[in-house]
K.L.:
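I am attaching a structure below and will ask some questions about it afterwards.
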Amino acid sequence: MINSTTIDLMLGHRSIRSFTDETIETSVLERLIHAGQAAASSSFIQAYSIIRVTDKATREKIAEVAGGQKWINETPEFLVYCADLKRIELACIQQGQGELEGHTEHFVAATVDVALVAQNVLLAAESIGLGGVYIGGIRNNPQLLADLLDLPDQVYPVFGMCLGWPAIDPEVKPRFPVASILHQEKYQLDKVEADVAAYDEQMKEYYQTRDDNNRLSDWSTQTAKAVQFKKREHMLSFLQQRGLLKL
Ligand SMILES: Cc1cc2nc3c(=O)[nH]c(=O)nc-3n(C[C@H](O)[C@H](O)[C@H](O)COP(=O)(O)O)c2cc1C
């Protein structure tokens, strides 16, 4: 089996939600973001902005919006990753092409761009012993985030990220086997059900035996609950009000 320190690092990922009091030097944070920006970018549009939130009161409001996630208050660094088409729109205007019209394709490109940067930042952070967690909970009330952070139209907050020095060492969560994810030549729908059932067995064992927060659950139970609970029906109109996802 091939291996490298990078692959080891990636396979060792687990979200961190508890941090020591040690801060992250600004130069270190900037270096991590620089590394994040090395991610590929669709047509090189670099459609992202990151808002660093240090203000205590703002953090408290965000933690509340995210469903009371206290690590947002406690983390040394809290970043809000935004898909940002504003810069691109300004370039279009400057080039005489006018404003963006809200094409779905541009929304997809910007959302993918920011996700790639964020994952690169997290991986760079993990490579120096930091840990972190994404915070999709900010989309419970994205309008409040837009107001708090002065986000212009053509910009939307995709997720937050806590970053800091881990105060805990949780276990790695098992993923689906590669054979379930990697289809050969064509999508193999006939094996999906059996693959999920097998993975559910593995995850049941994981949830029952893990050190912290152990419970009776499996992937299907968790996932079905999550998607029912997190429909966030405001998203389409919110995005359209931002000038996105209109056609
Ligand atoms: C886009 C995104 C949003 C997430 N939002 C949250 C969140 O709001 N709160 C949280 O505690 N974890 C959040 N997570 C972390 C996931 O729960 C976590 O990655 C998943 O359970 C797998 O666990 P692991 O990262 O420890 O391997 C999010 C992850 C992603 C990728």
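When a ligand or atom number is given, it counts from 1 through the structure's own listing order.
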K.L.:
Would you say R14 and ligand 1 have an N/O pair spaced under 3.5 Å apart?
P.N.:
no
K.L.:
Would you mind finding which of Y81, W71, Y134 brings a heavy atom closest to atom 28 (C) of ligand 1?
P.N.:
Y134
K.L.:
Please report which non-hydrogen protein atom sits nearest to atom 19 (O) of ligand 1, along with the residue it belongs to and the distance in Å to one decimal place.
P.N.:
S15 OG, 3.4 Å
K.L.:
Is any side-chain heavy atom of L244 less than 4.5 Å from a side-chain heavy atom of Q154?
P.N.:
yes
K.L.:
If you measure from each non-hydrogen atom of Q222 to ligand 1, which part falls under 4.0 Å: side chain, backbone, both or neither?
P.N.:
neither
K.L.:
Can an N or O of F159 be found at a distance shorter than 3.5 Å from an N or O of ligand 1?
P.N.:
no
K.L.:
Any idea which part of K173 is under 4.0 Å from ligand 1, heavy-atom wise: side chain, backbone, both or neither?
P.N.:
side chain
K.L.:
Check for a donor-acceptor pair, side chain of W165 on one end and backbone N or O of T23 on the other, with a separation under 3.5 Å.
P.N.:
yes
K.L.:
Please state which protein non-hydrogen atom is closest to atom 17 (O) of ligand 1 and give its distance, to 0.1 Å?
P.N.:
R17 NH2, 3.4 Å
K.L.:
Please tell me whether Y156 and F107 form a close aromatic pair, meaning their ring centres lie under 6.0 Å apart.
P.N.:
yes
K.L.:
Geometry only, no angles: is G137 polar-contacting ligand 1 at N/O separations under 3.5 Å?
P.N.:
yes
K.L.:
Would you say the rings of W71 and F78 are close, in the sense that their centroids are separated by under 6.0 Å?
P.N.:
no
K.L.:
In the structure I gave you, are the side-chain heavy atoms of V155 and S49 within less than 4.5 Å of one another anywhere?
P.N.:
no
K.L.:
Side chains of H13 and L122: does their closest heavy-atom pair fall under 4.5 Å?
P.N.:
yes
K.L.:
Provide the number and element of each atom of ligand 1 under 4.0 Å from a heavy atom of Q69.
P.N.:
7 (C), 8 (O), 9 (N), 10 (C), 11 (O)
K.L.:
Of all the non-hydrogen atoms in the protein, which one sits nearest to atom 3 (C) of ligand 1, and at what distance?
P.N.:
G136 N, 3.4 Å
K.L.:
May I ask you to test the R139-M235 pair for a side-chain heavy-atom distance under 4.5 Å?
P.N.:
yes
K.L.:
Atom 27 (O) of ligand 1: which protein heavy atom is closest, and how many Å away?
P.N.:
R175 NH1, 2.6 Å
K.L.:
Of all residues at least two apart in sequence or in a different chain, which pass the salt bridge (Lys or Arg N to Asp or Glu O under 4.0 Å) check with R52?
P.N.:
E77
